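Everything on this sheet refers to the single structure shown next.
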Amino acid sequence: MRLRFLPLVLFIGSLLVGAPLAGWAQVRFTLSGYIRAADSKEVLPGATVAAPALGLGATTDSTGFYSVALPAGTQNLVVSFIGYQTLTRTITLTKNQRLSFSLPASTNELGEVVVQGSATLEQKLRAPQMSVEHLTATEAKLLPALFGEVDILKTLQLKPGVQNGGEGTSGLFVRGGSADQNLFLLDDAVVYNPSHLFGLFSVFNSDAVQSVDLYKGGFPAQFGGRLSSVVDVRTREGNPEKIGVSGGIGLISSRLTVEGPIKKGKGSFLVSGRRTYFDVFTRQINKLNDSDPDYNPIPDYYFYDFNLKANYKLGDRDQVFLTGYLGRDIFGFNSTNGFNFDFSWGNTVGALRWNHVFSPKFFVNTTVSTTGYKYQIGNKLDQFGFGISSDIKDQAIRTDFDYLLNDHHTFKFGATVTNHQFGVGRLNANSGDGTLNINSDVAYTGQEAAVYASDNFRVNKDLQLDYGLRLTGFQSGSDHYGGIEPRLAARYSLTDKTSLKLSYAQMYQYVHLVTNSGATLPTDIWYPSRLNVKPQRSQQVATGVSFLLGKGKFLLTDEVYYKWASNQVDFRDGAQLFANSDLDAEFLFGKGWSYGNEIYLEKKEGRTTGWIGYTLAWTKRKFPPQRGTTGINNGATFYPTYDRRHNLTVVVLHQLSTRFNLTSSFVFSSGNPTTLPQSRFIYQDTYGSDYSVVPIYPERNSYRLASYHRLDLGIVYKFRPRHGERDLTLSIYNAYNHRNPYFVYFDQIKDEETNLITGYRARQVSLFPVIPALTYNFKF
Amino acid sequence: MMFSTRLRLLALVPAVFAAASCGLQKDIDVELPVGPAQIVVECYLEDGVIPRLTVTETAPYLSTTEEISLPDVAVVLTLPNGTRDTLQYAPGQDRRTRKIYTHISKRRLSARPGDTFQLDITDKQGRHLTGTATMPTAIPIQAVEWEFNDKPEDQRQAYLITRFQDPANTADFYRFQIHKSRINTDPESDYSVDDRLTNGQLVTLGTSYRFNPQDTLIVTLYHLDQPYYQFMQSADDARDANGNPFAQPSAVKSTVQGGVGVFTVLNYQRKTLILK
């Protein structure tokens, strides 16, 4: 038990040891400022400023601000960011200095297109943080997409260690974690359901997104609350120089974005929206068939979302940022026989962040946010009405301090408090005559809090540590839980081009997704930790080696990870998961393990860029007999549906000319585990009912579907208009039209004359054939 | 939650149609593990009715084997007073229900609410199936009402509502059926409910506008024991999981031990009415 506090002791000890190191350093000054895009003047979070000769550098934070301590004298700086040209600059430091940079975009129709990424790769090689993927919306937009709908989450699925939840879906399963173990953040506010259209599209509009960071392990101490990943999405801030309009017209949706200065030099705004238009066509089809009494109208379906971002400088030291998101999916069905069905769901997010710079070395971001997810279903069948709904609402405040003590130590510390309101289930049913009137409401509250501190400790040129501690607590009613979450990431440079890395993280998750489908559905319910529902916990160790190859053009990384988790959540067979005031009793708890090896080769420089990722992985779950049940799978270990033994992705982006981009992505993965019936019996039932064949299922997920492979191709053609920019994007999904397995079912073979069963057969269903899609994008 | 997976399936209906029309379905070869066959029993006892039951065994799912009866099993029904009634192997079809049976008793059954019966089946392979069932109490139907819509005469249809009082102190389970004209045809309406949200209340079950003037309807309200209710639910879930990629395959919760199936005592209230 005492060992649990060892990291805390080491942490405090290192502060004591680290402080004198400041005295060893020669005279140093702080260089700080912002890095922006040259064209739009938007800030670039995640950009780097480095002094390669010294092995020193810094990365911009979410406001585009950087701060680095450098020795006095003349220094050569390299400023870089993915998708932008790298700048080199020589400066002479004689005092603390403020210096901002503007990076020109690397892809535009006027110049030679050369993606400069070597400095980024070198920075990645030298960073102690491992198991992280950074992706910009610019990159994602170049890649081919299903129905031409650019989806930043689906692009993340092409990274090693990340699995999808099924053909075409945007769900993420990271290093053996389930779909609810990902923390989705939109400008520091939590997004509970990141999907539209039952998971086929993500809620993140690529026009409003600047970049996304995916953490698969080695989690920095400022993140917590989910076991398996952090998806940190940052939205664009809008052009601070001039009003601009951009958008696109696609196969299933259109997008429009307006951005511009609020007041020049003070602030900017961005408003972006998109909407699908299936319903426009289906309504017309329904109208044309209105007179046909036998016609069954096609259900209405559409989704829309709006993003708002604004920022304003209150002075030299203060700036505020406002983020808003509203998204809804609407599904409706009105039949002629009196059955009406309305189903809507969506997220609402608002966040206000205040950035205050105490000094170039010390600044703070304080964010108040509110987030909510809700679904509601209303049915009407003649005189009967039936409605169900569920929601979760959070109000949160967090503050994050960054303090650059010297060139050896950069501290981050902060705290966060969240108030959760769980509307687990509301149900009402009534009849027109008032004889039926049922109301049920199951609701809870929960308070979650955390404090953290971490130190990025540059021991010497070769060794760098990023270690920290996060203390978390959760309360729901009279039930309390707490956790100590040590975090460690270390990098040791064997040579200038080779780094060894190591990380460890412990995570607690206090809110759970109530689902038994294995996939994320809009009707899934969030549920707090309570007396009989303990928090989920995981620990992960990872180690890896990175090589900079080909004169810095390639980065080859090999990472091995092992993750073990307790209090994993599932539900007993036939669990009553809705409007159940005793839902605690339906939970089953188990253990999980996942381990694997991820090999990743990436190239970010030159006309041809891209990556190759290969993952060899195992994911296992075990739910022993408990609570009057035999557990799951009779207590034996089983593979969840997202266990894939092999996963290979190859992504190539090639600049054919200044106006043509060719892109392709290829995916191969082992088949999903699935459960197929082993045997059958005939069930006659009582009075009148026809007989049926009932399947008997053996071990869970004991059968594997056939392997999955798919090639997508894309062509981007840039026009040369008088004003602004135009391009036409052709995406070809599943280019060689492979019939990938979606699911398998068993069917009866019947004699056509007698209608008697003559045998049984297994049928494989595929979802998407080859799908070409054309999207027209404009900007002026 | 099966409800939510059905919602998603509903949304994917166009895609599944597309799958069918674009040749996105195909037969595949699947090698399934072969396990030992289990005895399957279906037995619904009723007061005043000669006990009949069906004994078969499970078959590998993709085999062409027909479900066969098992003549060599010994079937013994133990009555509440301890009397052992050995049922004879005499396959036939029950005229009342049109169900096939394999074993039949020689005596009519006398059963009262609270009576407990036992079933014991053995065969020469050493398989041994047992089951226990207690007759539930009767829940009277308080009212059956119908009302026609306001449409023209040739389009007039009625909905039907049925009311009953749920007991307050027990967890109760019901099955509600409406048959048209004959009890041994497919029911027009058939669903099962529990009293989780209506405990102790006057419960109303209903239909949409779907019945024509002069229809003869037979309304049946079964009061079920929990094991039988769970068996029906789990059999439904198991069937639904075949072909639904979002459903979690569910194990069938038999009411018997040592095999698969259901052994229960039915207690129902039935009303016949003509819509006028």
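Letters A, B, ... mirror the listed sequences (proteins, then strands); counts begin at 1. Excluded from the calculations below are hydrogen atoms, water molecules and symmetry mates; all remaining heavy atoms, backbone and side chain alike, are included. Bear in mind that the values here come from a model prediction, so they are computed numbers and not experimental data.
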Any donor-acceptor N/O pair, B:Q25 side chain to A:R763 backbone, under 3.5 Å: no

Heavy-atom contact with chain B under 4.5 Å, split by part of A:D685: both

Residue part contacting chain A, namely of B:T220, when any heavy atom lies under 4.5 Å: neither

Contacting moiety of B:Q230, where chain A heavy atoms sit under 4.5 Å: neither

Contact origin within B:N242 toward chain A - heavy atom pairs under 4.5 Å: both

A:E699 atom CD: more than 12 heavy-atom contacts under 6.0 Å: no

Structural part of B:R239 lying under 4.5 Å from a heavy atom of chain A: both

Options B:D186, B:T97, B:D29, ranked by heavy-atom pairs under 4.5 Å with chain A, top entry: B:D186

Option in A:N701, A:D747, A:V693 with maximal non-hydrogen atom pairs under 4.5 Å from chain B: A:V693

Point-to-point distance, once rounded to the nearest 0.5 Å, from CD of B:E42 to CZ of A:F681: 7.5 Å

side-chain contact (heavy atoms from CB on, under 4.5 Å) between A:I682 and B:T56, intermediate numbers included: CA-CA 8 Å; A:I682 296 290; B:T56 57; 5.9 Å; no

Contacting moiety of A:Y683, where chain B heavy atoms sit under 4.5 Å: both

Within 6.0 angstrom of B:R182 CZ, more than 12 heavy atoms from elsewhere: no

B:T185 versus chain A, the contacting section by heavy-atom distance below 4.5 Å: backbone

Residue among B:V260, B:I28, B:N184 with most heavy-atom pairs under 4.5 Å to chain A: B:I28

Over 12 foreign heavy atoms within 6.0 Å of CG, B:D154: yes

Distance, nearest 0.5 Å, that separates OH of A:Y745 from CG of B:N244: 12.5 Å

Part of B:L266 lying under 4.5 Å from any heavy atom of chain A: side chain

Part of B:R175 within contact of chain A (heavy atom distance under 4.5 Å): side chain

Donor-acceptor contact below 3.5 Å, side chain A:R700 vs main chain B:P249: no

Option that, when pairs with chain A are counted at under 4.5 Å, heavy atom only, ranks first among B:H179, B:Q201, B:Q157: B:H179

Contact leader toward chain A among B:A235, B:S234, B:G261, where contacts are heavy-atom pairs under 4.5 Å: B:A235

Ring geometry between A:Y760 and B:Y61 (parallel below 30°, tilted from 30 to 60°, perpendicular above 60°): perpendicular

Engaged part of B:E188 at the chain A interface, taking heavy atoms whose separation is under 4.5 Å: neither

Residue, of B:A37, B:A251, B:A238, B:P187, that accumulates the most heavy atom pairs under 4.5 Å with chain A: B:A238

pair A:L676-B:V30: side-chain heavy atoms closer than 4.5 Å: yes

pair B:Y228-A:T686: side-chain heavy atoms closer than 4.5 Å: yes

Heavy-atom contact with chain B under 4.5 Å, split by part of A:I749: neither

Chain B contact via A:Y697 - which portion, at a heavy-atom distance below 4.5 Å: side chain

Side chain to side chain, B:L32 and A:F746, heavy atoms closer than 4.5 Å: yes

Working for side-chain contact (heavy atoms from CB on, under 4.5 Å), residues A:R680 and B:S63: CA-CA 10 Å; A:R680 63 169 197 258; B:S63 72; 3.7 Å; yes

Close side-chain approach of A:Y691 to B:K99, heavy-atom, < 4.5 Å: no

Top contributor to chain A contacts, counting heavy-atom pairs under 4.5 Å, from B:R98, B:Q38, B:R270, B:E31: B:R270

